[in-house]
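Below, chain A is the first sequence line, B the second, and so on; all start at residue 1. The figures here come from the full heavy-atom set of this structure, side chains too, leaving out hydrogens, waters and symmetry mates.
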Protein chains: 2
Amino acid sequence: MRLLLVEDTSELAHSILRALREEGHAVDLAPDAQTATEAMAVADYACVILDLGLPDGSGLEVLKARRRAGDRTPVIIATARDQISDRIAGLDAGADDYVVKPFDLHELSARIRAHARRAQGLPETRFRIADLEIDRAAARVWRDRTEIRLTAREWALFDALLGARGRVLGKTALEDALFAFDDAIEGNAVEVYVSRLRQKLGAQVIETRRGLGYIVP
Amino acid sequence: MRLLLVEDTSELAHSILRALREEGHAVDLAPDAQTATEAMAVADYACVILDLGLPDGSGLEVLKARRRAGDRTPVIIATARDQISDRIAGLDAGADDYVVKPFDLHELSARIRAHARRAQGLPETRFRIADLEIDRAAARVWRDRTEIRLTAREWALFDALLGARGRVLGKTALEDALFAFDDAIEGNAVEVYVSRLRQKLGAQVIETRRGLGYIVP
DNA sequence: CGCCGCTGTAAGGTTGGCGCAAGCTGGGCG
DNA sequence: CGCCCAGCTTGCGCCAACCTTACAGCGGCG
């Protein structure tokens, strides 16, 4: 899914960035408040991770401004252990959750998934489609009790379609969900991954609506 | 509004109960998982407050079961401050929000109001015309539970007519809606698509106003 | 260093929707 | 009653959208 990491460019920022990308997320990095504001205005993120220790210290203002504009994108704030007052201020400003630095990356990504799913209005995490058993929280798929292994990108695409289940997702919407700004995709990558998913999951799971996009019905 | 408080019968439970009732809510109290399940099956609550510290510890199972059954009632879970893993498990199970005990009663009631409102305000994107079920947001149409597949152009034309429901749309207005400037249409394309739509959807759905245009009454 | 799996690009094959055209239907008016 | 023209319907060739396979680059891991 498409994420925004608001963090000054440090060693830590890049290790978070890499970990999230390895999980198949498309992550944009915003090193300061202004970049973050612009990015949130342009792209539709599934979740925003907001570090309150920005150089100009105005991370909270970014959040408040977006909330005032009616934006409900899930925001998880990251604070240092001793900045309890920051945490409370963050929740007051409209944050959905917080993690304490240094945080466990698995915990962070679990929270990201949970909040993104809830924002989509489809909180069920385990369900069936055709002959497939799907666990969105665990990012796993089974048929006949045996797991079908998906790569990070394959799952990312499938998850995006699941999040819009019953609705058609245009190819550009999928590209936005899968690729960050600086990935600069240029080709038929989406079609390729749809093809690969159909080989693994069965041709009927993802339908093509020619000229419109794809849908999991 | 009608609320359900799932909480073992303690001092705390009753003070929450009293506070919510003083705000004018109709609150049912369920002291254990079984009572809660029965209550949710029978009544239509605006919001459910679910304590995870139940004696039999199965609060999460109640939630999961309701979500599996397709119930979207907003659920706010209450956890102790140190039970972070509970919180994530709760969100994964389909909770909409959580509060940390001991919580401020005003905060709780504010969240109840917010979630109840959001659940109510689901945009009514789905409606019926004659024997058709139509979802404009999803760009899909059904008759007798089976989907009628429309092509991109067919849907574009139908959607334009739906957007002007009850008014007559002239042929030129429809051409403007369907074709970009540089497409330079020159033929009877609109009539062709009206014909195809009538074949798929039924002749009575789109009426012709001779010399004026078309209308979905 | 070599192997392997994942990723995105490229190239060729396939297909379904698109819109034109041509003939038909029927409402309305003299 | 009969003509005329707006609208209806069907067939069809074309082409963009889509599918599939192959491949090269890259990074992780032993």
Taking only nitrogen or oxygen atoms into account, show me every contact under 3.5 Å that the protein makes with nucleotides 28-30 of chain D, one pair per line with its distance.
none

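- A cation-pi contact links B:Arg126 to B:Trp142, judged by a cut-off of 6.0 Å to the six-membered ring centre and 45° from its axis.
- The listed nucleotides are C:dG8, C:dG16, C:dC20; the one nearest the side chain of B:Ala189 is C:dC20.
- Side-chain nitrogen and oxygen atoms of A:Thr208 include none within less than 4.0 Å of the OP1 or OP2 phosphate oxygen of D:dA17.
- Ion pairing between A:Arg209 and B:Glu147 holds under the 4.0 Å rule for side-chain N and carboxylate O.
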With the criterion being N/O to N/O and under 3.5 Å, what pairs connect the protein with nucleotides 21-24 of chain C, and how long is each?
{"from": "C:dA22", "atom 1": "N6", "to": "B:Asn188", "atom 2": "ND2", "distance (Å)": "3.2"}

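- Only one option out of A:Asp28, A:Asp71, A:Asp176 pairs with A:Tyr45 in a side chain to side chain donor-acceptor pair (under 3.5 Å); it is A:Asp28.
- The main-chain N or O of A:Ala13 is never found under 3.5 Å from a side-chain atom of A:Arg18 such that the two would form a donor-acceptor pair.
- Between A:Lys200 atom NZ and C:dT7 atom P there is a gap of 9 Å when expressed in whole angstrom units.
- When only modelled atom types and interatomic distance are considered, B:Thr146 and B:Asp144 share no side-chain donor-acceptor pair under 3.5 Å.
- The residue A:Glu154 sits apart from the nucleic acid: no heavy atom pair falls under 4.0 Å.
- The base of D:dG7 does not come close enough to the side chain of B:Arg209 for any donor and acceptor atom to sit less than 3.5 Å apart.
- Judged by the 6.0 Å and 45° rule, A:Arg136 forms no cation-pi pair with A:Phe158.
- Between D:dC8 and B:Tyr214, a contact under 4.0 Å exists linking OP1 or OP2 to a side-chain N or O.
- Remark: the B:Arg196 side chain and the C:dG17 base include no donor-acceptor N/O pair separated by less than 3.5 Å.
- In this structure, B:Lys171 does not reach the D:dA6 phosphate: none of its side-chain N or O atoms is under 4.0 Å from OP1 or OP2.
- Atom-to-atom, OH of B:Tyr193 to C1' of C:dC20 comes out at 11 Å; the value is rounded to the nearest Å.
- Side-chain contact of B:Thr208 with B:Arg198: a donor-acceptor pair under 3.5 Å is present, judged by distance alone.
- A donor-acceptor contact shorter than 3.5 Å is absent between the side chain of A:Ser195 and the backbone of A:Glu191.
- In this structure, CZ of A:Arg210 is placed 8 Å from C1' of D:dA16, rounded to the nearest angstrom.
- For B:Arg165 (side chain) and B:Pro217 (main-chain N/O), a donor-acceptor pair under 3.5 Å exists by modelled atom type.
- Atom pair A:Glu23:CD and C:dT7:P shows a separation of 13 Å (rounding to whole Å applied).
- A distance-only check finds no donor-acceptor pair linking the side chain of B:Lys171 to the backbone of B:Val190 [under 3.5 Å].
- Between D:dG7 and B:Ser195, no contact under 4.0 Å exists linking OP1 or OP2 to a side-chain N or O.
- Considering only side-chain N and O atoms, B:Gln199 lies under 4.0 angstrom from the phosphate OP1 or OP2 of D:dT10.
- Rounded to whole Å, atom P of C:dC6 lies 16 Å from atom CH2 of A:Trp155.
- In terms of phosphate contacts, A:Arg153 brings a side-chain nitrogen or oxygen within less than 4.0 Å of OP1 or OP2 of C:dG8.
- Put simply, CZ on A:Arg198 is 8 Å from C1' on D:dC19, counting in whole angstrom units.
- Between B:Leu197 atom CG and C:dC18 atom C1' the separation is 14 Å, expressed in whole Å.
- If you measure from atom CD1 of A:Ile206 to atom P of D:dC19, you get 10 Å, rounded to the nearest angstrom.
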